[in-house]
Amino acid sequence: MAKKTPESPAKLTQRTSAGLRGSLFDELDGLRKGTVNATRANAVAKLATTIIETVRLELDVAKYAERNKLSPDRAVRALNTAVALGE
């Protein structure tokens, strides 16, 4: 049986929209080259979607706070009373 060689450490993703975009393009390139399987690429795409949704929610809260002249913390508390998640 062949000895496994340790994989090189994965490059950390820059936590910006540009970093996320770059990571997604890296996955796409790996998928096309055959170095990334479809299951992994799908998992990365789902994680990216979740990240984007959380950013969109943060932006929506900031807009709500601005429209209602609330601090972001007060806006979150106001929204939490109005929206019951998971029910």
Can you give me every donor-acceptor pair (side chain of residues 44-58, partner residue at least two apart or in another chain, under 3.5 Å) with its distance?
residue: Thr49; atom: OG1; partner: Ala45; partner atom: O; Å: 3.0
residue: Thr50; atom: OG1; partner: Lys46; partner atom: O; Å: 3.1
residue: Thr54; atom: OG1; partner: Ile51; partner atom: O; Å: 2.7

Return a table of donor-acceptor pairs under 3.5 angstrom between the side chains of residues 24-31 and protein atoms on other chains or two or more places apart.
residue: Glu27; atom: OE1; partner: Arg40; partner atom: NE; Å: 3.0
residue: Glu27; atom: OE2; partner: Arg40; partner atom: NE; Å: 3.3
residue: Glu27; atom: OE2; partner: Arg40; partner atom: NH2; Å: 2.7

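Judged purely by atom type and a 3.5 angstrom limit, Asn68 uses its side chain to pair as donor or acceptor with the backbone of Tyr64.
Residues passing the side chain to side chain contact (heavy atoms under 4.5 Å, CB included) test with Arg15: none are found, sequence neighbours excluded.
Between the CZ atom of Arg74 and the NZ atom of Lys69 there is a distance of 13.0 Å, given to the nearest 0.5 Å. To the nearest 0.5 angstrom, Ser23 atom OG is 6.5 Å from Lys11 atom NZ.
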